[in-house]
Amino acid sequence: MNSKYDFQAIEKKWQKYWEEQNIFHVTEDPNRPKYYALEMFPYPSGNLHMGHVRNYAIGDVVARFKAMNGFNVLHPMGWDAFGLPAENAAIKNAIPPARWTSSNIVNMREQLKTLGISYDWDRELSTASPEYYKFTQWMFLKLYQHNLAYKKKAAVNWCPSCQTVLANEQVVEGSCERCDAAVDKKQLEQWFFKITDYAQRLLDDLEMLPGWPDKVKIMQRNWIGRSQGCQFSMDIEGCDEKITVFTTRPDTVFGVTYMVLAPEHPLVSVVSAGKPQEQQVQEFVKRMQYLSDMARTASDVEKEGVFTGAYAINPMNGEHIPIWIANYVLMDYGTGAIMAVPAHDQRDFEFARKYDIPVRVVIKGEESPLNADELAEAYAGDGVMVNSGTFDNYSVEDGKNAVIEYMQENNIGFGTVNFRLRDWLISRQRYWGAPIPIIYCDKCGIVPVPESDLPVILPEDVEFKPSGESPLNYVESFYKTDCPVCGGAAKRETDTMDTFVCSSWYFDRFCSPQETSLPFTRGAVDYWMPVDQYIGGVEHAILHLMYARFFTKFLHDINMLEAQEPFTNLLTQGMVLKDGAKMSKSKGNVVSPEDIIRTYGADTARLFILFASPPERDLEWSDQGVEGAYRFLNRIWRLVDEYADLIQEVSLPEDFSQLDENARKMRFKTHATIKKVSEDINARFNFNTAISAIMELTNMLNWYKDVEELDLAVFKEAINSLLIMLNPFSPHIAEELWQRCGNENSVQIQNWPKYDPQALIQDEIEIVVQISGKVKERIMVPVDSTEEELREIAQNNSRIKELTNGKKIVKIIVVPNKLVNIVAN
RNA sequence: GCGGAUGUGGCGGAAUUGGCAGACGCACCAGACUUAGGAUCUGGCGCCGCGAGGUGUGGAGGUUCGAGUCCUCUCAUCCGCACCA
């Protein structure tokens, strides 16, 4: 008897079943190929949004599909639980961040469970738990031991009104997010990780990642920003110091007409001392100091600078050139000083024209002028060196090498490489993060917390000042401690770590989440890592993915794991849009996953979101599209439920060779669908077309069930295949119908079907006949007809005869099993 | 400015190797069932045209027997980076 598709009861039932049977729990199994499927873990904001649903639905298709194909699949989930929103909530609602966070986790875990994702919940972790951050701190200590964690002064964003440091994300158009005051820069002691030591490897090893989107690799390459050039020193007139510059254009060194120091450069005060310009220089430096990064480096800011009164000596030709300071030279790239070649660098050109500094052409391109007065802009193209003494007539490329060689021989400078990548500033003057395991002792200086004393526990019962300043500065029981070396009174570091540190190794932790003495066990991590498929938003293309790669390489180097790269394949999913815009509270276009699941069920939500667009592309939310997905599941329900009892009795034969025409058609469709769905999931990640193929199969079954001689074996085979293939997308309904068809085991543990090549053999096929490239007729022909036969058949077709009558046939192109094109005029 | 992506019916999208453009779904139209339909089923559905037919993948050229797909130029939208010497 027909029953109603009661998704609420069904979804609850099967979620309970999976949990009780613990069917997604995995352990290492050397006898089976492993597959590690991972979605970027969420920040526990308290509510699941559609972006999450999309992310996890995609991951679940991959995980379930791989499991059904015989892989031992690790598919874990956890919480990126430290971070700013918890502190803001604490200030606003007077709830301690720990409590706010854990209740959010409870809430989101419940929501996640209603989606029915195949997670091994036994491995759940939270980065804010002492069991986890103990090892985040351990990571810090290891980096410190290997001289990859260090402290130095750095300029940070400072809100003078709130009296606190701000993260870059909290600075909105140069102002404080909270109070709107103008943010300025302040020099503070900060902790850094020396990721720059890994710059070359992070760049080179992108080659090891063919499974990453080019877009992401290009972004990382640009971010690392390797540039090859040379570094050399210039003497200063009447001064013992030398100025070192980096350039990528040593071939233009004879065109240097001035040089520039960054305003923060330590030699600025030295070279300008006692000069008439000293006062002006100091004023300029001061002005630059107070400008935010934004005001200083935005592209529309005009170049400006002042002459220091000092001169440097070009070591190549002995010329004395003026030393300037200017806003467009940055202290933290290269050496903080440049040689300026206005003829061949656009920035220098603009600056020189503004301040009437001479311009000298030293590269002559085919079209470019020799006379500097004729330059409308800098010439950065190819050419040969001119006005360059013995180097004249060298090409740009050869000239670079020749000049570097000369500099090396004469101890002027040397060839070198510079990276744009900066060291990673990891300290945050905030409360809700992993405390940096460092102690300051008046006698012993900076002392790392001994490993055996980890974790440095973050006190949870704290009070927040309305200013937003970290409460750790006021918790005496936290910061007052003894020096581990001398035993004397000492003070703990009250800064905590950037949350990106926590997320740089969580995928390793998932391999052995209960381990207590090490962050992970070697056997487990080497069995599971690297992650085979990582899925998340493209917004993490640079930071998270770069940091995770850095950590993996470091852990590899200290012999903690085998992998050199954490993520073999990366899928960057598109955003979920509504009315063409990203869903957001301020736009009021948010669709709540909870509402959708309540109204239509998780299976419908998942199916729609996977069907509406391929995963990498943005997805336009459509309430009517959801209805469509829901209707489709209802159609499957009615179809299978009606015939469930009937097909229970049927056993599938080995041999399907004696079939009538309709049965053969049906079976062809079943196996063509198996082939297509398998390929679409496995090779292309095109879930939308996989689902459309399943819909076509369903449509065909609805036709076949009403034919006169229904072959129940063929019918049953199709239904079975349909349910198994539906499972990765909409697992609850698949389980329920599978059971109603009399199967005892979960559909999840079925083997993915293999298509039968016999079923795909056709004896007739439709080909197209074109006349001069336009389709004029379709003809059924025996499959694999030869070119000769096809030519014959096409030309004998009455309609084609008629249309070519009186025309001259120039040429006939035959593509077997596809088409015949008769070129006639 | 540099780098990347995208552009196909009323809408989301399909066309995987240069070979039937518009699969599948939504919306819409007509019909069936029905007390009723915002349920279900059947059929139709790019545009122009009564029709034969013509035409059509942002635009303009090109290569080819044949182009959504390849090449050149161009426009639009989105994303990333943005004085990196």
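A note on names: the letters A, B, ... follow the listed sequences, proteins ahead of strands, and every chain is numbered from 1.
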* **A/Lys675 charged N/C atom sitting above A/Tyr755 aromatic ring, 6.0 Å / 45°** => yes

* For B/G25, does OP1 or OP2 lie under 4.0 Å from any side-chain N or O of A/Asn699? -> yes

* Asked: Do the side-chain N and O atoms of A/Arg420 and A/Asn222 include a donor-acceptor pair separated by under 3.5 angstrom?
  -> no

* Is the side chain of A/Asp603 donor-acceptor paired with the backbone N or O of A/Ile733 at a distance under 3.5 Å, no angle test? -> yes

* **Length of the OH-P vector between A/Tyr5 and B/A39, whole Å** => 18 Å

* Asked: Can you tell me if NZ on A/Lys354 sees more than 12 non-hydrogen neighbours from other groups inside 6.0 Å?
  -> yes

* Asked: Do any side-chain nitrogens or oxygens of A/Ser692 fall under 4.0 Å of OP1 or OP2 in B/G13?
  -> no

* Enumerate the residues from residues 672-679 of chain A whose closest heavy atom to RNA chain B is under 4.0 Å, giving them by residue number; use none for an empty result. => A/Lys676

* Within less than 4.0 Å of OP1 or OP2 of B/C24, is there a side-chain N or O belonging to A/Asn688? -> no

* Structure fact -> Note on RNA chain B: ranges paired as stems (three or more Watson-Crick/G-U pairs in a row, both atom distances under 3.5 Å) are B:1-7 with B:75-81, B:10-12 with B:24-26, B:28-32 with B:40-44, B:46-48 with B:53-55, B:58-62 with B:70-74

* Structure fact -> Closest of B/G66, B/G25, B/A14 to the A/Asn821 side chain is B/G66

* Asked: Rounded to the nearest Å, what distance is computed from the CZ atom of residue A/Arg617 to the P atom of nucleotide B/U77?
  -> 19 Å

* Would you say B/C83 has OP1 or OP2 under 4.0 Å from some side-chain N or O of A/Arg420? -> no

* To do: Look at A/Arg638 and B/C41 and indicate whether a side-chain polar atom (N or O) is within less than 4.0 Å of OP1 or OP2.
  => yes

* **Separation of the C1' atoms in B/C33 and B/C26, to the nearest angstrom** => 24 Å

* To do: Indicate whether the side chain of A/Tyr333 and that of A/Ser227 have a donor and an acceptor atom separated by less than 3.5 Å.
  => yes

* **Inter-nucleotide P distance (B/A60, B/C79), Å rounded** => 28 Å

* How close or far is atom P of B/G54 from atom NZ of A/Lys774, stated in whole angstroms? -> 7 Å

* What about A/Lys811, does its side chain sit under 3.5 Å from the base of B/C65 through a donor-acceptor pair? -> no

* Structure fact -> Between CZ of A/Arg631 and C1' of B/A39 the distance, given in whole Å, is 10 Å

Show me the side-chain donor-acceptor pairs of residues 626-634 of chain A shorter than 3.5 Å, one per line, residues at least two apart or across chains.
residue, atom, partner, partner atom, Å
A/Glu627, OE2, A/Tyr600, OH, 2.9
A/Asn634, ND2, A/Tyr630, O, 3.0

* How close or far is atom C1' of B/C11 from atom CG of A/Asp579, stated in whole angstroms? -> 12 Å

* To do: Kindly say if A/Arg684 contacts the phosphate of B/A15, meaning a side-chain N or O under 4.0 Å from OP1 or OP2.
  => yes

* Asked: Taking the same atom, C1', in B/G46 and in B/U34, what whole-Å distance lies between them?
  -> 35 Å

* Asked: If the C1' atom of B/C28 is compared with that of B/C11, how far apart are they to the nearest Å?
  -> 11 Å

